[in-house]
Every structure is written in structure tokens, then in C-alpha cells.
> 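Please find one structure pasted underneath; my questions will follow.
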Protein chains: 2
Amino acid sequence: MATDCRNCPLRPRPLFDDMSESELAFMRNFKTGELEVEAGAQLMMEGANAPHLYTALEGQGLRYKTLETGERQVINFVLPGDFIGLQAGVMNVMYHTVEATTRMRLCVFNRAALWSLFEEQPERAYDLTWLSAVEERFLGESLAMLGHMSAEQRIARAFLRLQDRGTALGMVKNREMPLPYRQQDLADALGLSLVHTNKTLKSMRERGLADWRGGSMKILDYSGLCELAEMEEDRSLTPRPLI
Amino acid sequence: MATDCRNCPLRPRPLFDDMSESELAFMRNFKTGELEVEAGAQLMMEGANAPHLYTALEGQGLRYKTLETGERQVINFVLPGDFIGLQAGVMNVMYHTVEATTRMRLCVFNRAALWSLFEEQPERAYDLTWLSAVEERFLGESLAMLGHMSAEQRIARAFLRLQDRGTALGMVKNREMPLPYRQQDLADALGLSLVHTNKTLKSMRERGLADWRGGSMKILDYSGLCELAEMEEDRSLTPRPLI
DNA sequence: CGCGACGTTGAACTCAGTCAAAGTTAGTGG
DNA sequence: CCACTAACTTTGACTGAGTTCAACGTCGCG
């Protein structure tokens with residue numbers, strides 16, 4: 001039973017912008033259904049086109065590129081509210097793969113209708129560009145992270161960024177949130193080897209900074225982590241459009 | 001004397017998509033003038049808003065982020081045809097700085113008119129999103145590069161990417177193109193130290209791969225560089241919109 | 001119970017960073 | 001025309017964070 005956009009569980013969150021009546025009407029029409037996929041499913045494949053666009057409703061996933069050498073670069077972690085398939089939508093081909101890490105529920109949009117969005121809903125088109133610009137910003141920050149930070153700092157920063165997003169989505173209780181990824185996933189996101197990631201995680205656990213085991217990540221020393229990651233202690237995410 | 005968009009020196013290049021009459025008319029109106037800046041000028045500043053958007057017409061520049069520690073992360077090299085200020089346009093603030101490396105000539109657009117672009121010119125809005133998606137793709141590749149490649153490979157890849165862009169812009173003669181950056185700029189782009197960049201450049205020069213000195217970069221062994229960079233020898237850039 | 005996926009640990013090695021100093025070049029002003 | 005400076009490049013020596021290799025441990029599942 002598909003959720004009506006009017007009852008979207010995500011949109012009421014302060015993280016997401018309000019939607020006008022006309023936008024809502026458009027979205028209800030734009031949305032063609034819902035999809036539930038099992039953990040491990042590939043939603044989008046690098047090099048392929050895709051007939052659908054998605055917005056994650058529930059569950060968690062990964063975006064990654066596969067390199068010629070077989071290694072992976074994780075581009076980002078996919079959480080509820082994330083729009084999936086913009087590249088395929090405008091460029092007709094994906095340049096990274098999107099995979100479900102847990103079982104996921106997704107809103108499905110018809111790619112062919114994307115053009116009508118630009119024609120009929122300039123606000124929504126603007127929002128799409130906004131999202132793309134945010135992603136660009138995020139990737140720029142990731143680049144800086146890989147270019148200039150130690151393993152410990154990268155992990156601290158990744159944890160804090162995830163916690164920020166998790167907080168805005170109500171996934172955090174008592175500085176603890178579900179993080180159902182493997183160590184290899186984090187290593188591939190941060191440009192580190194699995195072994196070194198493992199050792200650094202252990203040291204951070206022992207030093208009482210953060211504890212990530214069994215699919216759940218808990219921040220133990222918030223201030224310490226912020227300092228390590230060179231991040232403000234007082235942060236909040238800018239509200240963003242939901243598509 | 002400002003160039004009329006009808007006589008745009010860039011648009012006829014195969015790198016750029018054709019433009020319809022109505023798009024051209026819109027662009028002529030959207031463009032409010034031209035700006036010429038000296039080498040070293042900052043066009044956009046991180047954290048600040050900007051009243052204007054630009055498209056580079058001539059000259060070369062840099063996009064970079066400044067980190068808390070004072071280090072820089074170069075995000076990308078700015079060449080003619082690049083659109084500057086999308087972040088400021090949609091997010092009201094830049095998250096990186098854009099600086100002219102050489103004297104530059106730029107088309108100037110009024111930021112306030114950006115919204116009219118979305119309202120009146122869905123094709124142009126689509127193009128803008130397209131550009132943003134391309135940038136996202138590029139950053140994803142850069143991330144993979146920093147995460148998984150050796151210093152030599154990163155430099156090889158950077159050179160080839162620049163040469164691809166330079167070729168499409170007619171800046172390459174005999175596998176040689178102007179590259180007016182400092183070694184520090186490349187180092188900051190690739191997440192390497194200046195010293196190591198210098199030594200790697202020397203070794204690549206001595207091994208007959210590529211020679212970059214005095215503001216000019218020449219590829220000596222194309223096949224060798226491609227192999228090193230894990231790139232196809234036979235590449236071409238997808239035509240893209242010019243804004 | 002055995003297999004596969006994931007996590008943990010130790011040892012050896014190496015690529016790249018840091019430090020420190022000298023060389024080169026272009027520009028400036030006396 | 002030459003001393004002087006500032007920006008950039010080059011070089012050598014030393015160091016260490018992170019990789020690689022190779023096991024071993026643990027847990028859930030068919």
C-alpha cells in the first residue's frame with residue numbers, strides 16, 4: 001500500500017522544506033508508486049540508464065563507484081529523504097551504483113516525467129538543482145577530508161556527519177543511531193584500508209570517542225570528536241527540499 | 001566592448017551544445033556585461049554571497065576550499081566555458097572560493113535573474129541541472145582518485161583530464177597546452193605535499209611521460225600516461241550546455 | 001556442523017609527509 | 001645595471017602513518 005504524498009512521513013520533519021499545494025499535487029502525480037527492495041539490491045547501476053528515479057523513504061544504502069582495479073569508492077551514504085537517480089535523469093546514464101544496505105522502501109518516479117517537472121514546476125526544478133548543488137558541496141568537503149585529514153579525523157568527521165543527518169531524521173537516541181554498514185564500506189568511503197580502519201576504530205573506542213559495533217554507532221565524547229574532526233560543536237543542517 | 005552572445009567564441013565549438021533562437025535571445029538578455037579581472041583576483045569567496053554569476057570566456061582559474069587549518073583543497077581548475085556561481089545562485093552562499101590564476105574575461109549574469117531562467121526557460125534550467133550533475137560526477141571521480149591512486153597516477157590522471165578539456169577548447173597544440181598553475185596548486189588538488197609533487201613531476205619528466213614547466217604542460221608518452229592513470233586511450237568529452 | 005561473511009590482530013614494509021636548505025626567476029628600486 | 005626581495009622550484013635526509021600480507025576469531029545460517 002503506497003503512501004500518499006499528503007501523508008509523507010518525511011516531509012513534516014523540520015529538515016525538509018514545506019511544500020505548496022500545487023507542488024504537492026504535482027508530486028502526487030509524479031510519484032508512480034513505491035518499491036520495496038531487499039538488502040543488497042542494486043537500485044542503480046554504474047554505466048546503465050534507469051527508467052525510474054527514487055526517493056528513499058526507509059532504510060539505508062550506499063552510493064559507490066567501482067574502479068578499473070576492482071576497488072570501490074563509496075561516494076555517500078543513502079538515508080531516508082535522499083533523491084536517487086538525478087544523474088540518470090539528466091545525463092541518461094549513472095556514474096555510480098546505488099545499493100541497498102538494508103531493506104529499503106522507495107518512492108518511485110517516472111524518469112520520462114522529469115522533463116514535465118522542468119516545464120511545469122519551476123520551483124521543483126529549482127529544488128532539484130539545489131539538491132545537486134548540495135551534493136556538490138558535500139563532495140567538495142569529502143575531497144578536502146581525503147586530501148588533508150588523518151584516518152582518525154576522517155572517521156570522526158564521517159561519524160559526526162552521519163549523526164547530524166540521523167538527528168535530523170529522528171534516528172538518533174542518546175547519541176546512538178543505526179549504522180548498518182560494514183567496516184569495509186566506511187574504509188571505501190574514507191579512502192582507507194580495511195585493516196587500518198579497523199585498528200583506528202578500536203583505538204577510538206578505547207579512547208572513549210565513539211563506539212560502532214553491531215550495526216549501531218554511538219558517540220561517546222561529542223566534544224572530543226568535534227575537536228578531532230575540526231567541526232563546530234554547534235551545527236545544524238540547512239532545511240532542504242524533499243523530492 | 002562586450003561580446004554579443006550571437007558571436008560567442010565558445011559556442012561554435014563541438015564541445016558545446018547548440019542553442020535555439022529563443023535560448024539565445026534569453027541569454028543575450030540574461031547576460032548583463034563582461035568583466036575582466038587580473039591574475040590573483042577572487043571572483044567568489046567562500047562563505048559569502050555574490051550578486052553575479054559568471055561564465056569564463058578566457059583565462060584560467062581555480063576553485064578551492066580553505067580548511068580550518070589554513071590548508072587548501074583545490075576542487076577543480078576553471079577553464080573557458082565553465083559556469084561560476086551556481087552554489088551562490090541557488091544556495092545564497094558559496095562553499096568554495098573561485099580565483100583567477102591568469103587574467104580572465106568573464107560573462108556576467110545577474111543573480112536575481114536566475115529565477116526567471118527557471119520560470120521562463122525550462123531548457124536552460126535543465127542545462128543548469130545537467131552542469132551540476134556533471135560537476136558531481138567529476139567530484140566523485142576525484143574522490144576515487146584521492147582514495148585509491150598513487151601520487152604518480154593522480155598526476156597522470158590530472159594531466160590527461162586537463163588535456164581532454166584543453167583539446168575540446170582548442171588550447172592544445174602538439175600535445176602541449178598552457179597550464180599556468182603553481183606546483184602547489186596541483187598538490188592541493190591532488191591531496192599531495194608540495195615536495196612530493198615536485199619529486200614525482202621530476203621523475204615523470206625523466207621517464208618521458210609528461211613535462212610541465214614554465215606554465216606549459218606537454219604530454220610526451222600518451223599511451224604510458226593513460227595506462228598509468230587507468231584511462232582509456234580513446235576518450236572524448238560529452239558535449240555540454242554552455243551558459 | 002561446516003561454511004561464508006565479517007571483524008580482529010600482528011609484523012614487515014613503503015609511500016608520501018615533514019623539515020631544512022639551497023637554487024632559480026622575475027620584478028623593483030636605487 | 002646591479003643589488004635586493006619575494007615567490008616559486010628543487011634537493012636531500014629523516015620519519016611515520018597507513019598499506020599489505022597472513023592468520024586467526026566470531027557469528028549466523030543452511
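Numbers restart at 1 for each chain; the letters A, B, ... are given by sequence-line order, proteins then strands. The structure displayed is predicted, hence computed values, not measured ones. Values reported hereafter were calculated over all heavy atoms of this structure, with side chains retained and with hydrogens, waters and symmetry mates removed.
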> Could you work out which one of dG18(D), dA22(D), dC6(C) sits closest to the side chain of R182(A)?
dC6(C)

> Between K202(B) and dT10(D), is there a contact of a side-chain N or O with OP1 or OP2 at under 4.0 Å?
no

> What do the steps show when you test H148(A) against T69(B) for side-chain contact (heavy atoms from CB on, under 4.5 Å), and what is the final call?
CA-CA 9 Å; H148(A) 297 277; T69(B) 52; 5.8 Å; no

> Could you state the CG-C1' distance from L186(B) to dC8(D), rounded to the nearest angstrom?
14 Å

> For the pair made of CG in L194(A) and C1' in dC21(D), what is the distance, rounded to whole Å?
13 Å

> Side-chain donor-acceptor pair under 3.5 Å between E152(A) and T200(A), yes or no?
no

> Please give, in whole Å, the distance from dT20(D) P to Q184(A) CD?
11 Å

> Could you tell me how far apart M149(B) (CE) and dT14(C) (C1') are, to the nearest whole angstrom?
19 Å

> Do D164(B) and R161(B) meet the salt-bridge criterion of a basic N to acidic O distance under 4.0 Å?
no

> For side-chain contact (heavy atoms from CB on, under 4.5 Å), just list the numbers for L139(A) and F138(B), CA-CA rounded to whole Å, side-chain angles, deciding distance to a tenth of an Å, and then say yes or no.
CA-CA 10 Å; L139(A) 289 177; F138(B) 176 85; over 6 Å; no

> Using whole Å, report how far CG of L201(A) lies from P of dC6(C).
16 Å

> Report the distance from atom CG of L192(A) to atom C1' of dC15(C), rounded to the nearest whole Å.
15 Å

> Under 4.0 Å between a side-chain N/O of N198(A) and OP1 or OP2 of dG7(C), yes or no?
no

> Output yes when at least one side-chain N/O atom of Q183(A) is less than 4.0 Å from OP1 or OP2 of dT8(C), else no.
yes

> When you measure only distances, ignoring hydrogens and angles, does the side chain of K199(A) come within 3.5 Å of the base of dG10(C) through a donor and an acceptor?
yes

> From the set dT10(D), dC19(C), dG18(D), return the single nucleotide nearest to any side-chain atom of V195(B).
dC19(C)

> Could you state the OH-P distance from Y181(B) to dT9(D), rounded to the nearest angstrom?
14 Å

> With DNA chain C as reference, determine whether G191(B) or R213(A) sits nearer its 5' end, using the nearest nucleotide of each.
R213(A)

> Specify the separation, in whole Å, of atom NE2 of H196(B) and atom P of dG16(D).
18 Å

> Give S150(A) one of three labels, base, sugar-phosphate or nothing, depending on what nucleic acid heavy atoms sit under 4.0 Å from its own.
sugar-phosphate

> Do R165(A) and D82(A) sit within salt-bridge range, that is, some charged N less than 4.0 Å from a carboxylate O?
yes

